[in-house]
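Notes follow once the structure below has been shown.
Proteins get letters first, then strands, A, B, ... in listed order; numbering begins at 1 in each.
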Number of protein chains: 2
Amino acid sequence: MLREKGFKVTPQRLAICRFVLSSKEHPSVEKIYDKIQKVYPTISLATIYQTLHLLTKIGLLQEFALCNGSLRYDSNISPHLNLICKNCGKIIDYESEKINMFLSEIAKELELSLVGQHLELYVYCNQCK
Amino acid sequence: MLREKGFKVTPQRLAICRFVLSSKEHPSVEKIYDKIQKVYPTISLATIYQTLHLLTKIGLLQEFALCNGSLRYDSNISPHLNLICKNCGKIIDYESEKINMFLSEIAKELELSLVGQHLELYVYCNQCK
DNA sequence: GTTTAAATAATAATCATTATAAATTAGTTA
DNA sequence: TAACTAATTTATAATGATTATTATTTAAAC
């Protein structure tokens, strides 16, 4: 996909893709940097930021911020709920046909076309409740 | 509500409440600071931050961050959709009985109790589309 | 009016992100 | 395979938002 859109395929970008696109934990930039450094010790933080923004721009990632402002990256770009534990902060995705139905009903009601969504539900997870 | 919970009622807090609780535009800290300064020129930015966090803690406000990380304050604490224009950034609230129904169905499905939600739909608004 | 703990203001410190510029490299072409 | 070039990376400086600190002020209780 990078090559298709005219961007170069570098080992740094591959390493970041490998980790982030397979991650289900909505990692922060810091987490991503730590992880990539183990594989690629000389990588610069600027490259991490740049690459994450690029992957977001070409639609491979979704960028969002928790209510404390911390940036997170979600490799699940299909409509889903982010269940966020108020206590431990863990985020679990939840997909269901109900969500797609709800969104398309709403879009019809609004007479607007949706170009994206980010849905956060705050809960106490099974460990914390 | 401040007094009930043992916090002092100061003119600074009143000024911030007056503006933020009646605002429908999900203002940023900067916007709030600018607005309050006109009424209360000596107010400090630290007081703004502190008060907003306090009002959030006691449940009068909801704090969230746009995907670029900018903090916003929402005085509408009942379940609603935030329709965010991808182009101009304007946020419009949308309330509907469908949303409450959807959320309670989901909560039943998950066997978890929801303690809050923040729902963002990205669109192009009527001016921008 | 006094008292006292809480709140404010001013400013310094911190942290995350972006900008800059020199060095490196992927991908193209000869 | 070597040379070329524009894109990318790295290191670091700059920026901007938020939080911490501390002296001063003040709301609320007595």
- Message: Quick check on D/dA28: is either OP1 or OP2 less than 4.0 Å from any side-chain nitrogen or oxygen of B/Arg3?
- Response: yes

- Pull out every residue in residues 37-66 of chain B that has a heavy atom closer than 4.0 Å to any atom of DNA chain C, ordered by number, or say none. B/Tyr40, B/Thr42, B/Ile43, B/Ser44, B/Ala46, B/Thr47, B/Gln50

- Query: More than 12 foreign heavy atoms under 6.0 Å from NZ of A/Lys129: is that the case here?
  - Reply: yes

- Task: For A/Lys5 and D/dA7, give me the distance from atom NZ to atom C1', rounded to whole Å.
- Result: 18 Å

- Message: Expressed as a whole number of angstroms, how long is the span from A/Asp34:CG to C/dA16:C1'?
- Response: 14 Å

- Message: Looking at A/Glu30, I'd like to know if its CD atom is crowded, meaning that more than 12 non-hydrogen atoms belonging to other residues, nucleotides or ligands lie closer than 6.0 Å.
- Response: no

- Message: The side chain of B/Pro11 is closest to which nucleotide in this list: D/dA27, C/dA16, D/dT9?
- Response: D/dA27

- When the distance from OH of A/Tyr33 to P of D/dA11 is rounded to whole Å, what number comes out? 8 Å

- Query: Once you round it to whole Å, what is the distance between C1' of C/dA9 and CD1 of B/Ile36?
  - Reply: 16 Å

- Query: For B/Ser70 and B/Phe7, take the nucleotide of DNA chain D holding the closest heavy atom to each; which residue's nucleotide lies nearer the 5' end?
  - Reply: B/Ser70

- Rounded to the nearest Å, what distance is computed from the CG atom of residue B/Leu71 to the C1' atom of nucleotide D/dT19? 12 Å

- Query: Are any side-chain N or O atoms of A/Gln117 and backbone N or O atoms of A/Leu81, one a donor and one an acceptor, separated by less than 3.5 Å?
  - Reply: no

- Message: For the residue pair A/Lys86 and A/Tyr124, would you count it as a cation-pi contact if the rule is NZ or CZ under 6.0 angstrom from the ring centre and within 45 degrees of the ring axis?
- Response: no

- Message: Rounded to whole Å, how long is the line connecting atom CD1 of A/Ile32 with atom C1' of C/dA16?
- Response: 14 Å

- Query: A/Arg13 has an atom CZ; how far is it from atom P of C/dT25, in whole Å?
  - Reply: 15 Å

- Message: Looking only at the side chains, is there a donor atom on one of B/His26 and B/Asn76 sitting less than 3.5 Å from an acceptor on the other?
- Response: no

- Message: I need the CD1-P distance between B/Ile16 and C/dT8, as an integer number of Å.
- Response: 7 Å

- Just wondering, do A/Ile99 and B/Phe102 contact through their side chains at under 4.5 Å, heavy atoms? yes

- Item | side chain to side chain donor-acceptor pair (under 3.5 Å) contacts touching residues 41-54 of chain A (sequence neighbours left out) | A/His53-A/Glu63

- Measure from the side chain of B/Gln12, starting at C-beta and using heavy atoms only, and say which of C/dA16, D/dT26, C/dT8 lies closest. C/dT8

